[in-house]
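Reading through the structure tokens given below for one structure.
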Amino acid sequence: MAKKLMKGCEAIGEAAIHAGCRLFFGYPITPQNEIPEYMSARLPQVGGMFVQAESEVAASNMLYGASGAGCRVFTSSSSPGISLMMEGVSYMAGAELPVVIVNIMRGGPGLGGILPSQSDYFQATKGGGHGDYRVLVLAPSTVQEAADLVIDAFDLADKYRNPVMVVGDGLIGQMMEPVEFKKTIKPEELAEKPWATTGCAGRERNVINSLYLDPEQLEKHNWDLYAKYQSMAAEVRHEDYNTEGGCDVLIVAYGTVARIAKTAIDQAREKGLKIGLFRPITLYPYPAEALAKAALGAKAVLVAELSTGQMVEDVRAIVAGRRPVAFHGRVGGMVMGPDDLVAEAEKLVAVPA
Amino acid sequence: MPKPIIEVDRCKGCELCINACPEDVLAMSSEINAKGYFYPSVVHPDDCTGCRYCLLVCPDTAIQIENKGKVTTPPEALTGKTFSYCPGCTHGVIHRLVAETIDSLGIRDRTVGIAPVGCSVLAYEFFNCDMQEASHGRAMAVATGIKRGRPDLMVFTYQGDGDLASIGMAETIHAANRGEKITVIFVNNAIYGMTGGQMAPTTMPGQVATTCPTGRDVNLAGWPIRVVELLKTLRTPAYLARVAVHDPKNILNAKKAIRKAFKYQLDGTCFSLVEVLSTCPTNWGYQPHESCEWVEENMVPYYPLGEVKVPEEVPVQVGS
Amino acid sequence: MYSEIVLAGFGGQGVLLIGKLMAYAGMKAGHEVTWLPSYGPEMRGGTCNCTVVLSDKPIGSPISKRPHALIVLNLPSLDKFEDTVRPGGIIVVNTSLINRLPRRTDVTVVPVPANEIALELGNARAANMVALGAFIAASGLVDRANVGEVLKESFAARPKLVAINEEALRRGFEIGQAHTTAVAAG
């Protein structure tokens, strides 16, 4: 298939269609409006259904219903809207329902702003809503990768019967890059979901539910979920960049910031400073082993995020004091430049660890 | 002799004043102002009758009238900051009417306004009284909290159609049903403006929006919600009215209804809500004056104007 | 080849469109490309800009704080971005709406009366295409034939506009040829 120049948001929508998804429920919020707009135009062309819900709370519960009925379904929103969806997400985690949720993150808290941010890392990777649960979190850094990961997200959601969240920021959503769709799944090719409420003709009835009044049963359910989340470790993905043979400073960054780091690496090379990049692609499960290995190959670690420091907590836990871990963050929609990262890295090598 | 005074650098060049003037006193100048817009200038000052139509329709409070040595002034209940609305958007007219009402009732120092999420998210920058910014759809819940805690305050919310009739519908119905003694200004422009023109619960059948690119299909999206008629079904007493601001006559009627709505709150009578049909030239894709015509031709027939419900049990005195 | 280009003007002048055409033409030529718009709440008449990066290898940051080239269609954009352009770079200035030339002496300046030419051709809205033509001639970064092709594709729904935009592109190109320079840099 020939490459097309597409906006990240549009590529995400088209990828969902390529994944065999024919259902979208959502509510407008900047900076991801191009996703519902794209779906409202595209889904009817492929026999699908687009519904603009009255709110994100309602949208998340529409997802619950559709997923419980065995449909591939997805939504997209941005930070304040994702917070509203947390009701449905918690219930879907509890009822073990597959769903794909895209969060084009913007600055917060509260209404915050509409410019790029990575300030929902905690919300995404530590559960987000109430109860003891996790969702699989994927963080693309290019439009192509956003398309690839959205397609994979549907398969992962079905595989683990669990919500999967794809987190990007306004840059990924608004940017245009060449993209191709590497596979096309037809809805009729998707495996049956024997647990779904599709009508009980010829079988025992199915119930989709997250209520467990018996504490022993709920405890067992919680530990079963825990075991499932542990098993997701098989899905860890990351990218090593310029780390062969070790490096002076290892930048740890995801999404847009990782791209800026790559430009910083080129700039630093001209100055004789070797910077490597460790880019987690799955934020939950976190590629901990690979990070530990990469960090030990560097003199110091620099975590760069569009937040006041969220992923850095996980990185510090993984590096566990074996290397100094510094942090550089910009927030509010402000984005660091490559030269800022080079300057931070230079500071780290100037000061003996 | 009366004459309009144009505050050039407030103007966004919407030309609504030129259309409104019955005597062709105004014409667009060929100069641009500091914002980069062409602005109107007074070309036939002798023809001005002082009717104030230009002042009434100006969405940017850029026009005052001088008459017999006196000059009108913008309401004290506005901060004077330039509105963030697009050229020709009638949000600015509604802001001015609310502010004039607050001034005329002398309640500015004990009024709290609630700004919504939507184009008027920055209303807290424009109303010169205490303000709170609510999350999307929750303005009436926030207002309830304020009014229940401080019944002495005058509390109003200013909300758009997505905020009030979509995500905030539960709050709307329940605040009305509890009979909260608050005043709600509901701006219905049949579209989501700030997010870039998506379908609203009040989008007209067949109207194109970015999430109904082939026009609103009532079989999929339902019919546009008539909010005041819906709320009328509640047993709880309320003042419910629908007005419009697309021409001077309607603007004057709108002002009366807004004043009544505040007065009912002032007297502790009932919940009050005024739905104001408004324009969105940017997302509708029309010129400002065409947008006003669109309101008259398309919205008014579906959203009839007038008082839909008045609290019968307790008659209320409305001054002036 | 690696080049960051910032395009800026009023909303409605079509800077996002010519940025897209440039990126699309770059993609056709086999380059890596990114196109990144500034985005904000809806408001007509505000300033807007976009950044295009053209490269032979995968592109890191799609943001440019030090572009190699700048195309400005209005004065606020020149005021805002003039100082960011790298020495040796290029600035295309729409002299129809900008009443001063860049103060920079270490860049190639390409003055283009874009609106006047577009008006001459009968459609003021083609001014953006005049500026684009001047830029591609002066910079040599994108192939004119590719731009012509993507122009046709992007106006497929409004074929009437193709001819005038092609002509605007050509007129701009002629002006740009007088300022041929190399902006592709490290």
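The structure displayed is predicted, hence computed values, not measured ones. Sequence lines set the chain letters: A, B, ... in the order given, protein chains first and strands last, and positions in each chain run from 1.
Applying the salt bridge (Lys or Arg N to Asp or Glu O under 4.0 Å) test to pairs two or more places apart or on separate chains, those with a residue in residues 23-32 of chain C are C:Lys28-C:Glu149, C:Lys28-C:Glu153.
Interface summary for chain C: among A:Pro31, A:Gly333, A:Gly8, A:Ala261, the most heavy-atom pairs under 4.5 angstrom belong to A:Pro31. Across A:Met175, A:Lys4, A:Lys262, the residue that shares the most heavy-atom pairs under 4.5 angstrom with chain C is A:Met175.
Between A:Phe278 and A:His238, the angle of the ring planes stays under 30°, which puts this pair in the parallel group of the 30/60° scheme.
Using a 4.5 Å cut-off between heavy atoms, A:Met6 makes no contact with chain C at all. Both the backbone and the side chain of A:Val335 have a heavy atom closer than 4.5 Å to some heavy atom of chain C. Neither the backbone nor the side chain of A:Asn33 has a heavy atom closer than 4.5 Å to any heavy atom of chain C.
Under the side chain to side chain contact (heavy atoms under 4.5 Å, CB included) criterion, C:Pro113 pairs with C:Thr95, C:Ser96, C:Glu116, C:Ile117, C:Ile175, sequence neighbours left out.
Ionic pairing of A:Glu346 and A:Lys271 is present here: one or more N-O contacts between side-chain nitrogen and carboxylate oxygen are shorter than 4.0 angstrom.
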Applying side chain to side chain donor-acceptor pair (under 3.5 Å) to A:Asp266 and A:Thr263, what does each step give before you reach the verdict? CA-CA 5 Å; A:Asp266 293 341; A:Thr263 303; 5.6 Å; no
